[in-house]
Protein chains: 2
Amino acid sequence: MTVPSVSRRDRKKAATRQAIADAALRLFLERGYDQVSIRDIADAADVSTATVFKHFSGKEALVFDQDEDRESQLIAAVRQRRSDQSILDALRQHVLDTWPSIEAHPQAAEFTNLVNSTPVLRAYSERMWTRYTDSLSAVIADEFGVGHDNLACVALARFVLEIPVLARGRQDRRAAIEAIFDILTHGWEPPGKPPAP
Amino acid sequence: MTVPSVSRRDRKKAATRQAIADAALRLFLERGYDQVSIRDIADAADVSTATVFKHFSGKEALVFDQDEDRESQLIAAVRQRRSDQSILDALRQHVLDTWPSIEAHPQAAEFTNLVNSTPVLRAYSERMWTRYTDSLSAVIADEFGVGHDNLACVALARFVLEIPVLARGRQDRRAAIEAIFDILTHGWEPPGKPPAP
DNA sequence: GTAGAAAAGTGCAACGACTCTACTTAGCGA
DNA sequence: TCGCTAAGTAGAGTCGTTGCACTTTTCTAC
């Protein structure tokens, strides 16, 4: 996984990609997303602008590098769950095990701030998850032997994939995840008032 | 509401806006979204491209004209509900009363097809609703006297606003809406198998 | 009515994201 | 060593979008 095919060519290709991603993140954090052009990034990474688009599908994708195979992990969590575990519990456990550690890297605070303060990046980060709705709902439906467009399955998949957005910026992300799964499991309950002053 | 302030100026302004929207929809349905440029639309409506952007915030907004004051209707549905009605029920009723009739206009099928087959329009239509998450969750939280960032309130608002996306393209939209509210009310239940062949 | 403010619309230049095409370069495999 | 292929480049071009200076239309107040 770290070394898929160690040819000199692939190493150079990966290095170029990394140089672009690094330059982009650095400049974005320094100046803000909208104040950095593709040309700036290309110059900083010492490549042409065309090369940037060879490696990344667009400007937003430069911000969200390494988000690979989260989709396949989700699918696997459902399909390879313990036989006595419900799908909802399997998802809850997978989400608790996996998602809080994401964004646990250096500069996490600045990074989160960058995304939250840039509308186009907020929108992109939300779509990042919900685009898996179809594949997650498909595997859930398969487990129950119903059609892929089964509404309950689609809704569950969608609601689970909304969790990262809802839990973002919470002080206790794990508690937030648990609370949302409780809604999905037992239904929505009116919130209790916070302790009086 | 149909005639907010009948001055000649306002009438002409509304007329040009309508001319632009009509030209845009016609061209989009004829050729497809990506095959129509702003210039094409401006020419067809006999205005300059600058005028197009005076009336619409961007190209995507040309597709989704008349989506006004759905936000305020949502707020009102929660705040002005009957005193014996829960918030969840008030939302359910409002959604059932209001949303199925949307898209009940001519060319609905072609329009839906246009949106679903154009990724950027799909994304836009999903954001159209979820952008109200903050204001809807705020009013819900107010009704319970808790903070605006209360997780249960934010999650409920978000999930309700996902309903249009989930119910889109269903044969029986009302049943779909009911089913999703049932999940939110009583928790998620595994789907039953369809009748055997 | 008429003057002048206010707003709608125009034409044009510019910027940035992204694409395309033709070309060079560098690594690979025989 | 000889191509073949993939990575990278340069540059022109398209398109969405904005800003600016300007004209035209309509409203308002005298």
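Just so we're on the same page: letters track the sequence lines, and every chain starts at 1. Predicted model, so just to flag it, every value in this text is computed and none were measured.
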Interatomic distance where CD1 belongs to A:I41 and P belongs to C:dC18 [whole Å]: 10 Å

Between D:dA7 (P) and A:R8 (CZ): distance, integer Å: 16 Å

Sugar-phosphate, base or nothing in reach of A:V36, heavy atoms under 4.0 Å: sugar-phosphate

Per B:T16 side chain, nearest of listed nucleotides C:dG9, C:dC28, D:dC15: C:dG9

Sugar-phosphate, base or nothing in reach of B:K54, heavy atoms under 4.0 Å: base

Closest-nucleotide ordering on DNA chain D, the 5'-leading residue of A:D46 and B:D34: A:D46

Touch class at under 4.0 angstrom, heavy-atom based, for B:T49 against every strand present: nothing

Nucleotide nearest B:T51 (side chain, heavy atoms from C-beta), chosen from C:dC28, D:dT25, C:dG9: C:dG9

B:G58 or A:R17, whichever maps to the more 5' nucleotide of DNA chain D: A:R17

Rounded distance in Å - CD (A:Q35) to C1' (D:dT18): 15 Å

Geometric class of the A:F144/B:W188 ring pair [parallel <30°, tilted 30-60°, perpendicular >60°]: tilted

Under 4.0 angstrom between A:K12 side-chain N/O and C:dA26 OP1 or OP2: no

B:F53 side chain, from C-beta outward: closest of C:dA7, D:dG19, D:dT17: D:dT17

Nearest-Å distance for atom pair CZ/P, residues A:R39 and D:dA12: 11 Å

Side chain of A:A50 - closest among D:dC15, C:dA8, C:dC20: C:dC20

Interatomic distance, A:D10 CG vs D:dA6 C1' [rounded to whole Å]: 10 Å

Side-chain donor-acceptor contact under 3.5 Å, B:H148 with B:D134: no

Parallel, tilted or perpendicular: rings of B:Y33 and B:F28 (30°, 60°): tilted

Presence of A:S48 side-chain N/O under 4.0 Å of D:dA10 phosphate oxygens OP1/OP2: no

The single option from A:I180, A:D97, A:V160, A:T185 passing side chain to side chain contact (heavy atoms under 4.5 Å, CB included) against A:R92: A:T185

Between B:T133 and B:T130, a side-chain donor and acceptor under 3.5 Å: no

Gap between atoms CZ and P, on B:R11 and C:dA7 respectively (whole Å): 18 Å

B:H55 NE2 to D:dT17 P, straight-line distance once rounded to whole Å: 16 Å

Sugar-phosphate, base or nothing in reach of A:D40, heavy atoms under 4.0 Å: nothing

C:dG16 OP1/OP2 closer than 4.0 Å to side-chain N/O of A:S37: no

Neighbour count >12 (heavy atoms, 6.0 Å) for atom CG, B:N116: yes

Sugar-phosphate, base or nothing in reach of B:V52, heavy atoms under 4.0 Å: nothing

Rounded interatomic separation in angstrom, taking NZ from B:K59 and P from D:dT18: 14 Å

Nearest-neighbour nucleotide for the B:I38 side chain, C:dC18, C:dG11, D:dG16 considered: D:dG16

A:R9 (side chain) and D:dT5 (base): donor-acceptor pair under 3.5 Å: yes

